[in-house]
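Single-structure report; data block below.
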Amino acid sequence: MNIEELRDYCLLKPGATEDFPFDETTLVFKVMGKLFALTDLEGDLSVNLKCTPEKAIELREQHSCVLPGYHMNKKHWNTVLVDGTVSDQQIREWIDHSYGLVVEKLSKKQQNELSKL
């Protein structure tokens with residue numbers, strides 16, 4: 001997976017938007033204004049993804065490319081190094097998980113708006 005594929009997949013999610021709220025190299029993906037993924041456009045490709053606390057620990061133990069979330073709440077975020085040690089499909093599943101966690105925390109009104117997209 002490269003940065004273009006990562007970006008394209010994140011933007012396929014209903015209601016997903018991209019932004020640079022922190023600086024000109026940190027690309028952030030949001031749904032209804034809530035962050036579900038972010039990546040730095042400089043250096044080796046990695047992506048920060050939201051995760052349940054239990055799954056976050058499990059993934060870190062199982063995959064050397066999964067680290068505690070860099071500059072994030074390490075209980076709820078992982079940094080995934082996109083280094084070829086896990087499949088693109090696995091990364092897409094982790095993006096789906098992150099997106100799903102954010103969507104389930106949205107208000108019913110926001111979820112209804114999202115379902116119409």
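Not measured: the values here are computed from a predicted model.
We find the CD1-NZ distance between I95 and K50 to be 15.5 Å, quoted to the nearest 0.5 Å. Summarising the geometry, atom NZ belonging to K116 is positioned 11.0 Å from atom CG belonging to L114; distances are rounded to the nearest 0.5 Å. Rounding to the nearest 0.5 angstrom, the gap separating the CD atom in Q89 from the CG atom in D96 is 8.0 Å. Distance check: L45 CG to I3 CD1 gives 5.0 Å after rounding to the nearest 0.5 Å. Note that the CE atom of M32 and the NZ atom of K30 stand 13.0 Å from one another [nearest 0.5 Å]. Annotation: the span from C51 atom SG to R60 atom CZ amounts to 7.5 Å, rounded to 0.5 Å.
Within 6.0 Å of NZ on K34 lie no more than 12 heavy atoms contributed by other residues, nucleotides or ligands.
L59 is not connected to I57 by any chain of hydrophobic side-chain contacts under 4.5 Å among Ile, Leu, Val, Met, Phe, Trp and Tyr, and they are in different clusters. Both V47 and V66 sit in one connected hydrophobic cluster of ILVMFWY residues. Membership requires side-chain heavy atoms under 4.5 Å apart, directly or through other members. Following chains of ILVMFWY side-chain contacts shorter than 4.5 Å, one can reach V103 starting from Y9, so the two form part of one hydrophobic cluster.
Side-chain atoms of L35 and V102, non-hydrogen and from C-beta on, never get closer than 4.5 Å to each other. In this structure the side chain of L101 never reaches within 4.5 angstrom of the side chain of F36, judged on heavy atoms. Using a 4.5 Å heavy-atom cutoff, the side chains of P14 and Y99 are in contact. No side-chain heavy atom of F29 sits under 4.5 Å from any side-chain heavy atom of L49. Contact annotation: the side chain of W94 never approaches that of N78 to less than 4.5 Å [non-hydrogen atoms, C-beta and beyond]. Counting only heavy atoms from C-beta outward, the side chains of V28 and T26 approach each other to under 4.5 Å. At a threshold of 4.5 Å between non-hydrogen side-chain atoms, the residues F20 and L27 count as touching. Contact check for H97 versus T52: side-chain heavy atoms found under the 4.5 Å cut-off.
Of the possible polar contacts, one joining the K74 side chain to the G69 backbone as a donor-acceptor pair under 3.5 Å is found. Put simply, the side chain of S115 gets close to the backbone of N112: a donor and an acceptor are under 3.5 Å apart. With hydrogens and angles disregarded, no donor-acceptor distance shorter than 3.5 Å links the side chain of E61 to the backbone of E58. A side-chain donor-acceptor contact under 3.5 Å links D88 to the backbone of M1. Checking side-chain atoms of T79 against main-chain N and O of Y70 turns up a donor-acceptor pair under 3.5 Å.
In this structure S46 satisfies the side-chain hydrogen bond (donor to acceptor under 3.5 Å, both in side chains) test with no other residue, sequence neighbours excluded. Residues that satisfy the salt bridge (Lys or Arg N to Asp or Glu O under 4.0 Å) test with E18, not counting sequence neighbours, are R7. With sequence neighbours excluded, no residue forms a side chain to side chain contact (heavy atoms under 4.5 Å, CB included) with H71. Legend: residues meeting side chain to side chain contact (heavy atoms under 4.5 Å, CB included) with D44, ordered by chain and number and at least two apart, are absent. For K75, the side chain to side chain contact (heavy atoms under 4.5 Å, CB included) partners are P53, N73, not counting sequence neighbours. Applying the side chain to side chain contact (heavy atoms under 4.5 Å, CB included) test to K109 and every residue at least two apart in sequence or in another chain returns S107, E113.
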- Item | Worked check of side chain to side chain contact (heavy atoms under 4.5 Å, CB included) between M72 and L38 | CA-CA 10 Å; M72 306 294 281; L38 68 118; 3.6 Å; yes

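Residue V86 comes nearest to C65 through the heavy atom pair CG1-SG, 3.8 Å, listed as atom of the first residue, atom of the second, then distance.
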